[in-house]
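Structure first, then comments.
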Amino acid sequence: MLSAARYLRVDLTDGAAPYMDIGLLVAGQLWRLQRGTAYGIREGRVMLDRRDRNPFTGAEFPVPAIINPPFAAFTLPALSVAEARNQHRDLLRRLGASGDALWITELTDSLAERNRRAIWGAVNAPGEEASASRDSFPFTARAVRMVERV
């Protein structure tokens, strides 16, 4: 499920401190698919750790990344004509390659599991063809790879 959204900043005023940043909230329109994603969702982490090696001595210098962001790759296999031509096109127009979306794997998960698996990231990469393919007469499909924006 994808949601085109924007950020809202919430500041609380207190007598002791002028402002307190409590984080970001996501607000926007919800795109609820009529059918779910395909089987075979790949979930994991993009490993940004490095392991440099000195070519003269052979000594290795492991450098852990500050964060290895989670990613999910999935396919929307059965978009109807209305979803592909209206909602999907509108989502691509609004987000472009610079906007982010919220993807929630399963609405039936517990709140803690849903927070752990949800990904807030870019649906489209710069230079990528963001399109839906017409696989069969009544349906179109779209492959998506989202990486959590850190």
Donor-acceptor pair, distance only, cut-off 3.5 Å: does the side chain of Asn54 make one with the backbone of Ala59?
no
Run the side-chain contact (heavy atoms from CB on, under 4.5 Å) test against Ser98 and tell me which residues pass, sequence neighbours left out.
none
As an exercise, state the distance from CZ of Phe139 to CG of Leu79, rounded to the nearest 0.5 Å.
9.5 Å
4.5 Å side-chain heavy-atom contact, Asn68 and Asp49
yes
Considering all heavy atoms of both residues, which atom of Ile104 and which atom of Ala118 are nearest to each other, and what is their separation?
CG1-CB, 4.4 Å
Please report the C-alpha distance between Asp100 and Leu95 in whole Å, then the side-chain angles of each, then the deciding distance to 0.1 Å, and finally whether the side-chain contact (heavy atoms from CB on, under 4.5 Å) criterion is met.
CA-CA 6 Å; Asp100 294 328; Leu95 293 179; 5.8 Å; no
Can you see which heavy atom on Asp109 is nearest to which on Arg117, and at what distance?
OD2-NH1, 3.3 Å
Enter the distance from Met47:CE to Arg45:CZ here, rounded to the nearest 0.5 Å.
8.5 Å
Hits for side-chain contact (heavy atoms from CB on, under 4.5 Å) against Gln87, two or more places apart or cross-chain, chain-then-number order -> Trp31, Glu83
One should read off an interatomic distance between Glu129 CD and Asn124 CG, to the nearest 0.5 angstrom, of 11.5 Å
Going by chain and number, the hydrophobic cluster around Val46 (ILVMFWY, side chain to side chain under 4.5 Å) further includes Leu48, Phe71, Val147
Joining Ile, Leu, Val, Met, Phe, Trp and Tyr whenever any side-chain heavy atoms lie under 4.5 Å apart, the cluster holding Leu111 also takes in none
Taking only residues two or more places apart in sequence or in another chain, which ones pass side-chain contact (heavy atoms from CB on, under 4.5 Å) with Glu60?
Arg51, Arg53
Could you give me the CA-CA distance, side-chain angles and deciding distance for Trp120 and Trp103, then say whether side-chain contact (heavy atoms from CB on, under 4.5 Å) is met?
CA-CA 6 Å; Trp120 176 253; Trp103 178 68; over 6 Å; no
If you look at every heavy atom in Arg142 and Leu92, which pair is closest and at what distance?
NH1-CD2, 3.6 Å
In Å, rounded to the nearest 0.5 Å, how long is the span from CZ of Arg89 to OG of Ser131?
10.5 Å
By side-chain contact (heavy atoms from CB on, under 4.5 Å) - contacts of Arg134 (at least two apart):
Val81, Arg85, Phe137, Thr140
